[in-house]
Enquirer: 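Sharing a structure with you now.
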Amino acid sequence: QKEVEQNSGPLSVPEGAIASLNCTYSDRGSQSFFWYRQYSGKSPELIMFIYSNGDKEDGRFTAQLNKASQYVSLLIRDSQPSDSATYLCAVKGGSNYKLTFGKGTLLTVNP
Amino acid sequence: NAGVTQTPKFQVLKTGQSMTLQCAQDMNHNSMYWYRQDPGMGLRLIYYSASEGTTDKGEVPNGYNVSRLNKREFSLRLESAAPSQTSVYFCASSELGFAGGPSEEQFFGPGTRLTVL
């Protein structure tokens, strides 16, 4: 059974700060890693995915992957109140290509 | 393009009642999925359909049935609703599913909020 663990939060940061969201996974065969953002009462929407070790940047978002440590993170630079949401880490691959989700981390960015 | 649509948006049932949640996608995707989301539990896969004509169980299939009616539509049926099935249900789709490889994205519908009394 694949497991994906996230800090339950809530995580609170001031506007303009860097928010750091963390995720660990149990299946060493996992191949790709997704970060979804979910606003309250809405459906998840994909922010970015990563499948190679190292960093991947997209605007204010940076995903970091360390397969040896089975760890993936999402950094949000210059955090804005509009970034306040629950962030879901999802893992795919290994024995199949189904997505396994973590429980999510609630982020609040304070003006 | 509407993407993934779900009906109804909200539903209240009494224990023992049955209902069908509808999902449709207009992106010509092969694979479709049903998830439930409970507070503190994240998203859990109920059933999925890798391609038209096929369905398979996910992590929490008990108490549910599905039908892949055609390439566009994938319905989820609760035959005898129980309070434990109170949840938010999300339908999702992806272009190729398992054949699409590890980087393929799933697109989510707006969700159905179901309460079973």
Side-chain angles (χ1 to χ4, degrees), chain A residues 1-10 21 23-53 56 58 63 65 67 72 85-106, chain B residues 2-7 9-10 21 23 25 27 29-51 54-61 87-113:
Chain A
Q1 177 90 11
K2 281 190 279 192
E3 291 186 357
V4 178
E5 300 286 340
Q6 294 183 249
N7 291 346
S8 59
L21 303 157
C23 175
T24 59
Y25 58 95
S26 63
D27 185 353
R28 281 202 169 273
S30 299
Q31 296 188 26
S32 54
F33 310 86
F34 298 76
W35 282 101
Y36 282 83
R37 177 176 62 201
Q38 186 176 25
Y39 292 114
S40 181
K42 302 296 185 182
S43 58
E45 56 179 338
L46 183 68
I47 299 174
M48 60 193 306
F49 69 90
I50 185 168
Y51 51 82
S52 298
N53 273 330
K56 179 181 179 181
D58 184 0
L65 175 60
K67 288 188 177 180
V72 59
T86 295
Y87 289 80
L88 302 169
C89 173
V91 174
K92 186 191 282 192
S95 58
N96 59 62
Y97 285 139
K98 284 184 280 188
L99 270 178
T100 300
F101 284 84
K103 296 179 181 180
T105 300
L106 176 62
Chain B
V4 180
T5 57
Q6 293 182 236
T7 55
K9 286 186 170 53
F10 301 92
L21 281 63
C23 174
Q25 52 89 12
M27 296 176 282
H29 285 174
N30 284 314
S31 297
M32 298 184 74
Y33 314 83
W34 276 106
Y35 294 90
R36 61 177 289 174
Q37 187 174 36
D38 303 297
M41 294 295 294
L43 282 155
R44 293 182 291 170
L45 183 65
I46 305 171
Y47 269 93
Y48 64 98
S49 171
S51 61
T54 69
T55 61
D56 210 344
K57 295 178 181 179
E59 183 184 351
V60 288
S87 189
V88 181
Y89 292 85
F90 288 103
C91 178
S93 71
S94 64
E95 184 174 3
L96 296 175
F98 301 164
S103 64
E104 188 176 79
E105 177 184 356
Q106 290 186 15
F107 296 84
F108 285 82
T112 294
R113 283 147 185 81

Enquirer: Can you name the closest pair of heavy atoms from A/F33 and A/K67 and give their distance?
Expert: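 In terms of heavy atoms, the two residues are closest at CE1-CE, 4.1 Å.
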Enquirer: Considering only NZ, NE, NH1 and NH2 on the basic side and carboxylate oxygens on the acidic side, decide whether B/D38 and B/R36 come within less than 4.0 Å.
Expert: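 Judged by the 4.0 Å cut-off on N to carboxylate O distance, B/D38 and B/R36 do form a salt bridge.
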Enquirer: Return the minimal non-hydrogen interatomic distance between A/C89 and A/V72, and the atom names on each side.
Expert: SG-CG1, 3.8 Å
Enquirer: What part of B/L43 gets within 4.5 angstrom of chain A, counting heavy atoms only: side chain, backbone, both, or neither?
Expert: both
Enquirer: Select one option (side chain, backbone, both, neither) describing which atoms of A/E45 are under 4.5 Å from chain B's heavy atoms.
Expert: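 Neither the backbone nor the side chain of A/E45 comes within 4.5 Å of chain B.
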Enquirer: Restricting to non-hydrogen atoms, name the atom on B/K57 and the atom on A/K98 that form the minimum distance, rounded to 0.1 Å.
Expert: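 Heavy-atom minimum between the residues: O-NZ, 4.2 Å.
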Enquirer: Could you look at B/F108 and say if it's the side chain, the backbone, both or neither that has a heavy atom under 4.5 Å from chain A?
Expert: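 B/F108 touches chain A through backbone and side-chain heavy atoms alike.
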Enquirer: Are the aromatic rings of A/F101 and A/Y36 close, with centres under 6.0 Å apart?
Expert: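 That pair passes the under 6.0 Å test.
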Enquirer: Does any heavy atom of chain A fall under 4.5 Å from the side chain of B/R44, the backbone, both, or neither of them?
Expert: neither
Enquirer: Using non-hydrogen atoms only, which part of B/Y35 is less than 4.5 Å away from chain A: side chain, backbone, both, or neither?
Expert: side chain
